[in-house]
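Note sheet for the following structure.
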Amino acid sequence: MRERASGGGNGNRSVLPWRSTSSRDRPGWTSCLVGGPGERASAERIVAKAASPVVNVVGALSLATLLAVLGQARLFLGSESGPMHMAAAAGAPVVGLFGLTDPAVWGPVGVVSVTPRPSMPCKCIATDLCRRPDPSKACCVWRLEVKAVVDAVRAILSHAVKDVEHAL
């Protein structure tokens, strides 16, 4: 099975590790964590808790190699970030996790995508960390429910299966 790439994020828009892990633990899936060097500690926590195979290349890839990896992904799951847009540019279906920013404006373009977002305006859950209105320092994405993300992943994978069936 092709791997799915997951990652992206900067500052407070990174997905909390326990939420990332809970959406990854599906039999038969291999996840590939991508991100910058500043996200290595979070990635290591995810790998340590994951029940399914995880390839951790956080902080280890050039942009050209990252683009090639994303082009092989069956699915990209991650926050609104450079890697999310690179995944879309490479043709990977995207589940893009959004908080304060509007996916209608900043969402992935040109690929099948689902962009879960908590209701707005956001009732802040991390007043000591959140620095609105700067989206890179807002914690709204942390309010996403795991079920909404899992449902988005299933919708994307279901769509991909239908595309393959029609091609046969």
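Atom CD of residue Glu145 and atom CG of residue Asp151 lie 11.5 Å apart, to the nearest 0.5 angstrom.
Taking the side chain as every heavy atom from C-beta outward, Arg117 and Asp102 approach each other to under 4.5 Å. Leu97 has its side chain within reach of Pro116: a pair of non-hydrogen atoms, C-beta onward, lies under 4.5 Å apart.
Leu70 and Pro83 make their closest contact through CD1-O, 3.6 Å (heavy atoms, listed as atom of the first residue, atom of the second, distance). Across all non-hydrogen atoms, the minimal contact from Phe98 to Pro103 is CE2-CA, 3.7 Å. Closest approach of Leu61 to Leu66, counting heavy atoms only: CD1-CA, 4.0 Å. When every heavy atom of Trp106 is checked against every heavy atom of Met84, the shortest pair comes out as O-CE, 3.9 Å. Residues Val94 and Ile156 come closest through the heavy atom pair O-CD1, 3.8 Å. Closest of all the heavy-atom pairs between Ala92 and Ala73 is CB-O, 3.9 Å.
A donor-acceptor pair under 3.5 Å links the side-chain atoms of Arg40 to the main chain of Gly59, judged by distance alone. Side-chain atoms of Glu44 do not come within 3.5 Å of backbone N or O of Ala41 as any donor-acceptor pair.
Considering Val95, Val114, Val150 as possible partners of Leu77, the one that fulfils the side chain to side chain contact (heavy atoms under 4.5 Å, CB included) test is Val95.
Hydrophobic clustering of Ile, Leu, Val, Met, Phe, Trp and Tyr side chains at less than 4.5 Å, counting indirect connections, unites Leu63 with Val69.
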